[in-house]
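Sequence lines set the chain letters: A, B, ... in the order given, protein chains first and strands last, and positions in each chain run from 1. Treat the numbers as computed from the prediction; the structure is a model and nothing was measured.
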Amino acid sequence: MKQKYDFSTIEAKWQKNWEETDAFAVYEDETKEKYYVLEMFPYPSGKLHMGHVRNYSIGDVVARFKTMNGFNVLHPMGYDAFGLPAENAAIKNKVEPARWTDDNIEEMTRQLKQMGISYDWNRTVATCRPDYYKWMQWIFIQFYNKGLAYKKENPVNWCPSCKTVLANEQVIEGRCERCDTEVGKKELSQWYFRITDYAESLLENLETLDGWPDKVKIMQKNWIGKSEGAEVTFQIEDYDKGLDIFTTRPDTLFGVTYMVLAPEHPYLKDLVAGSPYEKEVLDYVEKVQHMSDIQRSAATGEKTGVFTGRYCINPVNDKRVPVYISDYVLMGYGTGAIMAVPAHDQRDFDFAKTFDLEIIPVVDTKDPEIDVYDLKEAFAAEGNMINSGIFDGMNNKEAILQITAHLQEKGIGKRDTNYKLRDWLISRQRYWGTPIPMIYCKDCGWVPEKEENLPVMLPTDVEFTGKGESPLSTSKEFADAVCPKCGKPATREMDTMDTFLDSSWYFLRFCDARNDKEAFNYEKVKYWMNVDQYIGGVEHAILHLMYSRFFQMALYDCGLVSTREPFRNLLTQGMVIKDGKKMSKSLGNVVSPSEIIEKYGADTARLFILFASPPERELDWSDAGVEGSFRFINRVYRMVYEFTEKYGNGDADHSTENKRDKELLYKMNATVKKVTEDIDERFNFNTAISAVMELVNEMYKYKEGPVNEKLFRGAIEAVILILSPFTPHVCEELWRQIGKKTSVHKMKWPGYDEDALKKDTVEIVVQLNGKVKKKLDVTNNISKEELEKTAMSDADVMKMLENRDIIKIIAVPNKLVNIVVR
RNA sequence: GCCGGCGUGGCGGAAUUGGCAGACGCCCGGGACUUAAAAUCCCGUGGGAAGUGAUUCCCGUACCGGUUCGACCCCGGUCGCCGGCACCA
């Protein structure tokens, strides 16, 4: 054994060994309990960053720990390899996207292996390879056949910089989530997935996800945005159709003083045709159409709109109310029309003030500060009904139910539920994605490509103009197809799929990655799914995690998988920051994993990143802290080196000859217990590591005195075993150096001896009025009465109590005695 | 605006069921080893006061208040920071 901790030789040696022995390959085995741990696969941008290192280090600890605890552990890795950067690199550097991506995948795989992460590389996937996107296309067709995919002309979010459409989820505060450019509107015919069909399931099932952080569940809940209320039909005067509106406040129906349509409302053109209001209305519509969402919502409170010249009749009181259009009503939600109750809705109130419209209160307040007939702002709180006919005097919560029932009875309305969630726009006008396997035939319309013709290959003879046309249309041959239905010449769809589709089922492909007959085998998926522990950044709380849930449900309904939810437990790791700021090139505070690995080794990098902070919190990178982790590994290495030099190899046991031995044995067992619980129950890797540090500190002190060789050897073995998920290379090396023939990774996780954890005496605290005054060693587990008696008969305690009146004594066994005195 | 989360030494962070606040690490200081330095090992390290000294006392978990024998932890309010959503009827 070398005296010096030579990390680069050790790490290279064991990485080679693990690769040659295919050490982390797994197979379905019904006799063993399975455990599926998955980290979110990366986009192959070129090199790993610290966020990746953190993510994969966390996953690797879990994987190795569960393996040592007897589970059959699936721990795969792959690449989310379609996407814009490859295409932009192609435009900029004239490199083919496939080539650029492959090079990056190669480099990142090398780095992952250098980290010593225990992946089963036989299962790796890259979503840009035909053996993956073939099945992506196949799944698309299953969804199409089930009616879950459809094409529709609609105003869509358009990023002028990325030159493509975006899903609602990809628009962040009106800007593109990728490039931060302001998103505009464009009328386009695009493919959608009917995710709204699953709105209720996606919402309801959140309740069952006990292993998910509340934060993520709340974010998804808000995104789905369920509202319960009523749909009410208002008759339009001199018109053959009624106007349907949705409201969550049917109790305010008597307070309606006007109506508002969205500028995109389908009745609008017809309603104003030939009227003196037509020009002004159409001008307003024209203006709104050219505004982005940012502009449209920029002046919140500043309401604009136009009167249509039309009137509606309020079905509950026959009141005649004017109809306006305004951009504060959105076509995409509810029915695209609202009843306006300015007294009880702030937006309606603002509009009414601007246009000098009537404000009628229908809910009174008991607050003497507020006069409902002279409101400064809308009154949204609870109260009793007024101006509402037979409902007057009723509490408004009750009135919601009563009025809804009334509407239902009269046939002018019904209970209704709306969601903010919109259908998922999945077409992209980009090259580097999965081609949508649909063919347009003049006679048959849209027809899916035949299964035997899959995959629809991405053509290579394309131009990257970056002009917003689908690049696939520049291919000479791609467009030409034969209608799968009638056999006549037809045209292929030129758009590709949103890359979020690729990542919505990769965890299923990992269960059966090399299958060339199916997307995945049902039985294999049944064995491995669900993912027991999913780990990744919280930035995916809505997009990826909701799309994947939708896929899983849809695939379940297609009979292709056996569970409705994909991820049982979710850990959202915090960001890696430096000097209080996000690591970024522009701030110049980026620390690259490769420089750390070169200087200290992968084990040190892993240990530090797990030690510095609990996984869900932000992690402040500290170069001095890395030194500390490196020192600790050296300290362990040196301890094992010195011991084996002196005693050689041999057997270990737990024999104790004296008090010191007993204390060491106690510490060893207590540490194994703590580390086990910290990893398994709480993911508190930082405290697990600090516990091992404490044990090692104690071992250093112990070996200054007489050493019980077998006991100390047992402690060394325990340290190597419990540290091995964190620092696998050095532990593997040390394990062999103490004479073991089998990989430490294949060893059984050490148990702990509850008997050794039972101390003869425990230290208890004596408090005076809640303040610690004295510590006493008392027999373990003595009763409350005995404890109190022991404490009260202690000489120092008696001295403290001289001339004091004892009011009360609280004794908590094995913890404390609190004496309350005057 | 609405919905979440967080606030503990010089720093990262511990305190797992309401029971010793500050584990472990970093930084810093002292000592041992060395011709010397590095490395290593050992000791100290929240703030303040008193004492030659072992030690003793007071203050202290953003702020104000409450419940309790006892509060970083529970309750009410205030301030600050961070995250998500945002004209969703």
Between [X] and [Y], is there a side-chain N and carboxylate O pair less than 4.0 Å apart?
{"X": "A:D327", "Y": "A:K303", "result": "no"}
{"X": "A:K667", "Y": "A:E694", "result": "yes"}
{"X": "A:K217", "Y": "A:E207", "result": "no"}
{"X": "A:D251", "Y": "A:R249", "result": "yes"}

> Under 6.0 Å between ring centres, would you say that holds for A:Y258 and A:F355?
Replying inline: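 No: the rings miss the under 6.0 Å criterion.
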> Where does the angle between the aromatic ring planes of A:F683 and A:F685 fall among parallel (under 30°), tilted (30 to 60°) and perpendicular (over 60°)?
Replying inline: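 Rings of A:F683 and A:F685: tilted, as their planes differ by 30° to 60°.
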>> Check the orientation of A:Y5 and A:F7. Use parallel for under 30°, tilted for 30 to 60°, and perpendicular for over 60°.
In response: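 Aromatic pair A:Y5/A:F7 classed tilted.
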Report which part of the nucleic acid [X] touches: base, sugar-phosphate, or nothing (heavy-atom distance under 4.0 Å, all strands).
{"X": "A:I218", "result": "sugar-phosphate"}
{"X": "A:V538", "result": "nothing"}
{"X": "A:Y700", "result": "sugar-phosphate"}
{"X": "A:K221", "result": "nothing"}
{"X": "A:K420", "result": "base"}
{"X": "A:Q767", "result": "base"}
{"X": "A:T248", "result": "sugar-phosphate"}

> Do A:N157 side-chain atoms and A:V183 backbone N/O form a donor-acceptor pair below 3.5 Å?
Replying inline: no
> Does A:S292 offer a backbone N or O that forms a donor-acceptor pair with the side chain of A:E182 under 3.5 Å?
Replying inline: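 Judged by distance alone, no pair lies under 3.5 Å.
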>> Working to the nearest 0.5 angstrom, can you tell me the gap between A:S57 OG and A:D603 CG?
In response: 10.0 Å
If you check the [X] side chain, which of [options] turns out closest?
{"X": "A:W223", "options": "B:A86, B:G13, B:A89", "value": "B:A86"}
{"X": "A:N684", "options": "B:A89, B:A15, B:C24", "value": "B:A15"}
{"X": "A:T247", "options": "B:A89, B:G19, B:C26", "value": "B:A89"}
{"X": "A:S613", "options": "B:C87, B:C69, B:G13", "value": "B:G13"}
{"X": "A:D345", "options": "B:G25, B:G13, B:A89", "value": "B:A89"}

Rounded to the Å, how far apart are [X] [atom1] and [N] [atom2]?
{"X": "A:D678", "N": "B:A23", "atom1": "CG", "atom2": "P", "value": "17 Å"}
{"X": "A:E694", "N": "B:A23", "atom1": "CD", "atom2": "C1'", "value": "6 Å"}
{"X": "A:R422", "N": "B:C85", "atom1": "CZ", "atom2": "P", "value": "14 Å"}
{"X": "A:K775", "N": "B:U55", "atom1": "NZ", "atom2": "P", "value": "13 Å"}
{"X": "A:I577", "N": "B:C82", "atom1": "CD1", "atom2": "P", "value": "12 Å"}
{"X": "A:E539", "N": "B:G83", "atom1": "CD", "atom2": "P", "value": "13 Å"}
{"X": "A:I806", "N": "B:C69", "atom1": "CD1", "atom2": "P", "value": "17 Å"}
{"X": "A:E788", "N": "B:C69", "atom1": "CD", "atom2": "P", "value": "16 Å"}

Is there a side-chain polar atom (N or O) of [X] under 4.0 Å from OP1 or OP2 of [N]?
{"X": "A:N697", "N": "B:C24", "answer": "no"}
{"X": "A:K217", "N": "B:G5", "answer": "no"}
{"X": "A:K808", "N": "B:C69", "answer": "yes"}
{"X": "A:T687", "N": "B:G13", "answer": "no"}
{"X": "A:K303", "N": "B:A89", "answer": "no"}
{"X": "A:S690", "N": "B:G25", "answer": "no"}

> Does B:G9 adopt a syn or an anti glycosidic conformation, taking syn as a chi angle within 90° of 0?
Replying inline: syn
> In which stems does RNA chain B show up, taking only runs of three or more Watson-Crick or G-U wobble pairs whose two distances fall under 3.5 Å?
Replying inline: B:1-7 with B:79-85, B:10-12 with B:24-26, B:28-32 with B:40-44, B:46-50 with B:55-59, B:62-66 with B:74-78
Say we look at [N] and [M]: how far apart would their [atom1] atoms be, to the nearest angstrom?
{"N": "B:A54", "M": "B:U45", "atom1": "P", "result": "12 Å"}
{"N": "B:A14", "M": "B:A23", "atom1": "C1'", "result": "5 Å"}
{"N": "B:C64", "M": "B:A71", "atom1": "P", "result": "15 Å"}
{"N": "B:G7", "M": "B:C75", "atom1": "P", "result": "14 Å"}
{"N": "B:G80", "M": "B:G29", "atom1": "C1'", "result": "35 Å"}

>> Using a strict heavy-atom distance below 4.0 Å, which residues from residues 628-644 of chain A are in contact with RNA chain B?
In response: A:G628, A:R631, A:R635, A:R638
> Has A:K420 got its NZ or CZ under 6.0 Å from the middle of the six-membered ring of A:Y333, at an angle within 45 degrees of the ring axis?
Replying inline: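 No, cation not above the ring by the 6.0 Å, 45° rule.
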> Who passes side-chain contact (heavy atoms from CB on, under 4.5 Å) against A:K397, sequence neighbours left out?
Replying inline: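 side-chain contact (heavy atoms from CB on, under 4.5 Å) check on A:K397 returns A:E382, A:N395.
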